[in-house]
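The block underneath contains the structure these notes are about, expressed in structure tokens.
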Amino acid sequence: MVVGTLKKTQIYSPSTLYLWEEERSTDGSKWKFLEHKGPVLAPPYEPLPGHVRFFYDGELSAPAEEVATFFAKMLDHEYTTKEMFRKNFYKDWRKEMTSEEKSKITDINKCNFTEMSEYFKAQSEARKQMSKDEKLENERILQEYGFCVMDNHKERIGNFRIEPPGLFRGRGDHPKMGMLKRRIRPEDIIINCSKDSKHPKPPQGTRWKEVRHDNKVTWLVSWTENIQGSIKYIMLNPSSRIKGEKDWQKYETARRLKKCVERLRAQYREDWKSKEMRVRQRAVALYFIDKLALRAGNEKEEGETADTVGCCSLRVEHIKLYPKMDDQEYVVEFDFLGKDSIRYYNKMPVEKRVFKNLQLFLENKQPEDDLFDRLNTSILNKHLQELMDGLTAKVFRTYNASITLQQQLKELTSPDESIPAKILSYNRANRAVAILCNHQRAAPKTFEKSMQNLQTKIDEKQKQLSATRKQLKGAKTEHKASHDDRSKKMVEVKRKAVQRIEEQLMKLQMQATDREENKQIALGTSKLNYLDPRISVAWVKKWDVPMEKIYNKTQREKFAWAIDMAEEDYEF
DNA sequence: CATGCGACTTAGTAGAGAAACC
DNA sequence: GGTTTCTCTACTAAGTCGCATG
């Protein structure tokens, strides 16, 4: 499944060039040379100054201060009011207390963190004032630790800082929210680099857990996190060769799916009739994944994470069947929490055969039973692999997202519209994808207000327009009467003014529409992860839209390969 | 086959920084 | 010039998927 490799021919120039390169190592090695400075550790704890007090039940106290400050720092956040959060925090906090403190502090509700909280607020205010030095220092750290050398190229590292200690903030109803995320020491850290590179040095008097030289992986640093026991990594920035190449490959796989998707669709429709239950379940699940862009849905360990599901892990309680709904037949209603506990709610009419199958799957089951009891992601992906080399469930999301963007752009862009109108069209196409993938965001806190402000501006612009139109009319009348040069000029001036204001008004209205439609939709995720950037690049080139209207600096860096590769006739 | 682990991609949000506004 | 508003970036959680292990 080798699709070629990307090669950077320049180091970090804005127009980094990529070239085709035929050959690529077949032994699974990801690099030949890797050298870096290691991670930036979290700054050590600074004890609170003496005047900052902590009260327990009205009495002065100071138990396990550092952990207490983690809670204090979050005091304004809703998290700290949640029972589960408080319980988990309190339990972990007690582990850090001396036995004396433990016997004194017995009820979190009698703790008063307000002075600590005030202190940190004041601190962050103060930090804003002297941010210049800090900025300089950050820049120095970035220059020193933010880059590595991989195979002759200086590459930007993604996250070179070790996560600081704090309280775990899970998403949704997470059973571990509030638990103490402990400080990572050099002794917890594994370094990965070339044998023949200059190895990163641990801080004075400490040592790394291990230094290894594994070129079958792309990470530079790893450690095990204590909440879930999972491994965290430091890896390269998306602009790096190694990430770009992988990204490109991903879209090439999706394009191969495009070529055979009709065959697969015919196949799963056929499988709806199978006499084998597992085949039918597989086929219906695949239909959902294809049609609704659902995620695969791996099983999760109960009690370890928030209760969320994807396609294969859907339960009976997550769907409702309606033989008739309004003027539609065979409607399925989905209502479940997906990744990040984002709600997926949708009603979709399905084919009769799918509907009948679903009824069958539901027979004799409790709400908490699996809908697809004969299916999991491993079975599904094995099947997909047989249908097409490299095919897995997530490829459908990539494929459907990209093909939707391409279709929508074709449909929505009109040749004679202005640049702002074209950008609105682009955003609408992007939005169609975000809706398909259910990429949501919390409506901005100030949304209503900012909407109102914009409307005020529009109203004002409208008034200005009608006033200027009146002036134009007046000028015309005057010109008719006098027929002199001066009045002729005046007509021209007013005509131009009207035109300009009309354009401004249109732009504002466009902005308003765009913003309103975007209230709870997050466009970024699909843009960054699902849309073949070559589609956008081609569109931009075709319609002479400035690239930076579509992609900001980071995005242009990430998609440098596509910007370089795609011409206006590119087709996904 | 179930289970767990490792590596990697995908995800929303908080807060910093930049731009617009007054 | 200071404040408000918007945009971007950093952060890190939460998925997917392949593979080893028993």
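What you are looking at is a predicted structure, and each value in this text was computed from that prediction instead of being measured. The chains referred to below are lettered A, B, ... by the order of the sequence lines, with proteins before strands, and numbering in each begins at 1.
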If I take atom [atom1] in residue [X] and atom [atom2] in nucleotide [N], what distance separates them, rounded to the nearest angstrom?
| X | N | atom1 | atom2 | answer |
| --- | --- | --- | --- | --- |
| A/Trp219 | B/dG6 | CH2 | C1' | 10 Å |
| A/Asn298 | B/dT9 | CG | P | 16 Å |
| A/Lys246 | B/dA7 | NZ | P | 13 Å |
| A/Glu304 | B/dT3 | CD | C1' | 14 Å |
| A/Met74 | B/dG15 | CE | P | 10 Å |
| A/Ile231 | B/dT9 | CD1 | P | 15 Å |
| A/Lys553 | B/dA18 | NZ | C1' | 13 Å |
| A/Trp223 | B/dG6 | CH2 | P | 15 Å |

For [X], report the nucleic acid contact type (base, sugar-phosphate, nothing); a contact means any heavy atom under 4.0 Å.
| X | value |
| --- | --- |
| A/Gln228 | sugar-phosphate |
| A/Phe168 | sugar-phosphate |
| A/Gly297 | sugar-phosphate |
| A/Pro238 | nothing |
| A/Ala393 | sugar-phosphate |
| A/Gly524 | nothing |
| A/Lys176 | nothing |

Point to revise | Any pair counted as side chain to side chain donor-acceptor pair (under 3.5 Å), so long as it reaches residues 211-222 of chain A, sequence neighbours left out | key: A/Glu210-A/Arg212

**Study point:** Short side-chain N/O contact from A/Ser230 to OP1 or OP2 of B/dG6, under 4.0 Å
**Key:** no

Exercise for review: Would you please confirm or rule out a distance under 4.0 Å between OP1 or OP2 of B/dA7 and any side-chain N or O of A/Lys30?
Suggested key: no

Check your understanding: On DNA chain B, nearest-nucleotide positions of A/Lys243 versus A/Ile379: which is more 5'?
Key -> A/Ile379

Should the pair [X] and [Y] be assigned to parallel (<30°), tilted (30 to 60°) or perpendicular (>60°) ring geometry?
| X | Y | answer |
| --- | --- | --- |
| A/His174 | A/Phe168 | perpendicular |
| A/Tyr287 | A/Tyr268 | perpendicular |
| A/Phe559 | A/Tyr551 | tilted |

For [X], enumerate each residue passing the side chain to side chain contact (heavy atoms under 4.5 Å, CB included) test, keeping only those at least two apart in sequence or located in another chain.
| X | answer |
| --- | --- |
| A/Leu142 | A/Glu139, A/Phe147, A/Arg156, A/Phe160 |
| A/Ala254 | A/Val395, A/Thr398, A/Tyr399, A/Phe572 |
| A/Asp188 | A/Arg182, A/Ile184, A/Arg185 |
| A/Arg171 | A/Asp340 |

Check your understanding: Does A/Lys82 make a cation-pi contact with A/Tyr79 (under 6.0 Å, within 45 degrees of the axis)?
Key -> yes

Can you name the atoms? Protein N/O to nucleotides 10-12 of chain B N/O, anything below 3.5 Å, with the distance.
| residue | atom | partner | partner atom | Å |
| --- | --- | --- | --- | --- |
| B/dT10 | OP1 | A/Lys394 | NZ | 3.4 |
| B/dT10 | OP2 | A/Lys250 | NZ | 2.7 |
| B/dT10 | O3' | A/Tyr530 | OH | 3.1 |
| B/dT10 | O2 | A/Lys339 | NZ | 2.6 |
| B/dA11 | OP1 | A/Arg295 | NE | 3.4 |
| B/dA11 | OP1 | A/Arg295 | NH2 | 2.8 |
| B/dA11 | OP1 | A/Arg397 | NH2 | 2.7 |
| B/dA11 | OP1 | A/Tyr530 | OH | 2.9 |
| B/dA11 | OP2 | A/His439 | NE2 | 3.1 |
| B/dA11 | OP2 | A/Tyr530 | OH | 3.1 |
| B/dA11 | O4' | A/Lys339 | NZ | 3.3 |
| B/dG12 | OP1 | A/Gln440 | N | 3.1 |
| B/dG12 | OP1 | A/Gln440 | O | 3.3 |
| B/dG12 | OP2 | A/Thr525 | OG1 | 2.7 |

Review point. Between A/Glu225 and A/Asn381, which has a closest nucleotide on DNA chain C that is more 5'?
Key: A/Glu225

Review point. Which comes earlier along DNA chain C counting from the 5' end, the contact point of A/Gly338 or that of A/Gly158, where each point is its nearest nucleotide?
Key: A/Gly158

Review point. How would you list all residue pairs meeting salt bridge (Lys or Arg N to Asp or Glu O under 4.0 Å) that involve residues 427-437 of chain A, not counting sequence neighbours?
Key: A/Arg428-A/Glu517, A/Arg431-A/Asp514, A/Arg431-A/Glu517

Point to revise | Listed once per pair and sorted, the salt bridge (Lys or Arg N to Asp or Glu O under 4.0 Å) pairs that draw on residues 290-299 of chain A, sequence neighbours left out | key: A/Arg265-A/Asp290

Exercise for review: Walking along DNA chain C from 5' to 3', note the first and the last nucleotide with an atom under 4.0 Å from a heavy atom of chain A, and give both.
Suggested key: C/dT5 to C/dG18

Review point. Which pairs pass ring-ring contact (aromatic ring centres under 6.0 Å, His included) with one or both residues in residues 422-445 of chain A, sequence neighbours excluded?
Key: A/Tyr426-A/Trp539, A/His439-A/Tyr530

Exercise for review: Name all residues meeting the side chain to side chain donor-acceptor pair (under 3.5 Å) criterion together with A/Glu317; count only those two or more places apart in sequence or in a different chain, and write none if there are none.
Suggested key: A/Arg315

Review point. In residues 277-292 of chain A, which residues come under 4.0 Å of DNA chain C by heavy atom?
Key: none

